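Here the structure comes first, spelled out in C-alpha cells, and everything after it is commentary.
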Protein chains: 2
Amino acid sequence: MARSNRQVKLLEIIKTHEVERQSDLVALLKEAGFDATQATISRDIKELGLIKTAMHNKKYRYIVVESKEGDVPSKLFELFKEAVKKVNVSLNIVVLNTIPGTANSAAALLDSLSISGILGTVAGDDTVIIVTESIEKAPLVAERMRSML
Amino acid sequence: MARSNRQVKLLEIIKTHEVERQSDLVALLKEAGFDATQATISRDIKELGLIKTAMHNKKYRYIVVESKEGDVPSKLFELFKEAVKKVNVSLNIVVLNTIPGTANSAAALLDSLSISGILGTVAGDDTVIIVTESIEKAPLVAERMRSML
DNA sequence: TATTATAGTGTATAAAAATTCACGATACGA
DNA sequence: TCGTATCGTGAATTTTTATACACTATAATA
C-alpha cells in the first residue's frame with residue numbers, strides 16, 4: 001500500500017526537515033520516490049493530525065504534536081515514555097519492549113488513544129503485542145509509537 | 001492597548017469555542033467588541049503560536065498547544081501544574097501563588113520558556129513575582145500562565 | 001460473474017490564511 | 001518642534017490549503 005508508506009515517510013520528513021508548506025512536502029516526497037499532489041498531502045496531514053505553527057524564528061513549520069485537545073491526561077504519556085524501551089515491527093505486529101511490570105500501563109494508554117490501524121493489544125509483563133489491521137499499517141503504527149517516546 | 005486585550009480575548013474564545021477558521025474569530029471578536037480584520041487575526045495567531053488541527057470529528061479547529069517543537073521537557077510542565085495554585089495580576093506584575101517550596105521550580109520553567117512580555121521573575125518560597133513589560137502585557141502573560149495549568 | 005460499494009487520488013477550484021503595501025499613530029532624539 | 005523610526009492595522013493581493021467532482025481500482029455482495 002503506497003499510502004501508508006507515504007505517510008510514514010511524511011512523518012519522518014517532518015521530523016527531520018523544517019517544512020514550511022505542503023508544496024515542500026510534495027517535493028521532498030518526490031525525492032524519496034513518492035509521487036503525490038498537494039491535495040493528497042493536505043489529506044494526509046489532516047489524517048495524521050499534523051499542524052503548522054509559527055516557530056520562534058517567525059517561520060511556519062509543520063510539526064507533530066502528541067496530546068492535542070482533551071486527548072488524554074498527559075501523565076499517561078509520561079508513563080508511556082518511561083516504560084517503553086523498544087518498538088519493533090514484524091508483519092502486522094508491533095512489539096513494544098518495556099521495563100518489567102509496566103507493559104500493562106503502556107497498553108492502557110494505547111487503548112485509551114484508540115489509534116487508527118490497531119485491532120487490539122495484549123500486555124504481558126515487559127512486552128506489549130499490538131495487532132494492526134494489515135502489514136502495511138504496522139510501520140505506521142510503530143512510527144506513531146516511536147513518536148511518543 | 002487594544003492589541004493585548006484582543007489577544008487575551010482571542011485566547012479565551014479559542015478555548016471556549018470550536019473555532020474553525022479565522023473569519024469566525026473575526027465575528028466572535030466583534031461580538032466581544034473588538035474590531036479586527038482577518039489579516040490582524042492571522043498575525044495574532046502567529047504571535048500566540050496557535051494552531052489549526054483536525055479533530056476526531058474531522059473538523060478543523062484552532063487550539064492552543066503548550067510544548068511544541070523542542071520547547072521544554074514536559075516534566076517541567078507537570079511540575080508547574082502541580083505547583084501553581086493561583087495566578088493574579090496587579091498593574092505590570094503577575095503573581096503566582098504556589099504550594100510552599102515549589103515557587104523556584106515554577107520560576108525555572110518560566111525562565112526556560114522565555115515567554116515574550118516577561119522582563120524577569122523572582123521566586124520566594126510559595127510566591128513567584130513576574131515583572132512584565134507593561135501594564136498591557138500583564139494580563140496576556142497571566143493568561144498564558146493560566147493556560148498552562 | 002455482474003453489481004454495488006469504498007477508498008484513494010488528481011485536477012480544478014473554492015476557501016482560507018499569510019503577506020505586501022500604504023498609512024496613521026505614537027515615541028524618540030536632535 | 002521637527003524629522004525620523006517603530007508599531008499596529010486594514011485593504012488588497014498572493015500564497016497556501018482544503019475540498020468538490022470525476023475517475024480508477026479494489027473489495028464485498030448477491
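Just so it is clear: chains get the letters A, B, ... in the order the sequence lines come, proteins before strands, and each one is counted from 1. Computed from a predicted structure; not experimentally measured.
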State the [atom1]-[atom2] distance between [X] and [Y], to the nearest 0.5 angstrom.
| X | Y | atom1 | atom2 | answer |
| --- | --- | --- | --- | --- |
| K59(A) | K52(A) | NZ | NZ | 12.0 Å |
| L25(B) | D44(B) | CG | CG | 8.5 Å |
| Y62(B) | I13(B) | OH | CD1 | 13.5 Å |
| L29(A) | R6(A) | CG | CZ | 7.5 Å |
| T40(B) | F34(B) | OG1 | CZ | 13.0 Å |
| I45(A) | I14(A) | CD1 | CD1 | 5.5 Å |

(request) Encode nucleotides 11-20 of chain C as B, S and - characters from 5' to 3', where the letter depends on protein heavy atoms closer than 4.0 Å: B to the base, S only to sugar-phosphate, - to neither. (result) B----SBBBB
(request) Mind jotting down which residue pairs meet the side chain to side chain donor-acceptor pair (under 3.5 Å) criterion with at least one end in residues 28-38 of chain A? Sequence neighbours excluded, please. (result)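 Sorted pair list: Q22(A)-Q38(A).
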(message) Would you say that L96(B) contacts M145(B) through its side chain, given a criterion of any heavy-atom pair below 4.5 Å between the two side chains?
(response)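 The answer is yes, as the side chains (C-beta and beyond) meet within the 4.5 Å cut-off.
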(message) Is the shortest side-chain heavy-atom distance between I63(A) and I51(B) below 4.5 Å?
(response)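 In short, these two side chains do not touch, never coming nearer than 4.5 Å.
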(request) Inspect the surroundings of NZ in K15(A) and state if more than 12 heavy atoms from other residues, nucleotides or ligands are less than 6.0 Å away. (result)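 It does: K15(A) NZ has more than 12 such atoms within range.
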(request) Check whether more than 12 heavy atoms from other residues, nucleotides or ligands sit under 6.0 Å from atom NZ of K86(A), and answer yes or no. (result)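 Open.
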I need the [atom1]-[atom2] distance between [X] and [N], as an integer number of Å.
| X | N | atom1 | atom2 | answer |
| --- | --- | --- | --- | --- |
| R6(B) | dG10(D) | CZ | C1' | 12 Å |
| D44(A) | dA18(D) | CG | P | 11 Å |
| L48(A) | dG8(C) | CG | C1' | 14 Å |

(request) State, to 0.1 Å, how close V26(B) and A36(B) come at their nearest heavy-atom pair, and which atoms those are. (result)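 Between these two residues, the closest heavy atoms are CG1-O, 3.3 Å.
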(request) Go through the structure and list residues passing side-chain contact (heavy atoms from CB on, under 4.5 Å) with A27(B), not counting sequence neighbours. (result)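 Applying side-chain contact (heavy atoms from CB on, under 4.5 Å) to A27(B) gives none.
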(request) Would you jot down, in residue-number order, the residues of residues 24-33 of chain B having a non-hydrogen atom under 4.0 Å from DNA chain C? (result)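 None, since no heavy atom is under 4.0 Å.
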Listing time: all N or O pairs from protein to nucleotides 22-25 of chain C that are below 3.5 Å?
none

(request) Compute the angle between the rotation axes at the two ends of the helix from dT1(C)-dA30(D) to dA30(C)-dT1(D), each taken over five pairs, rounded to 10 degrees. (result)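 Computed from the C1' atoms at both ends, the axes differ by 30°.
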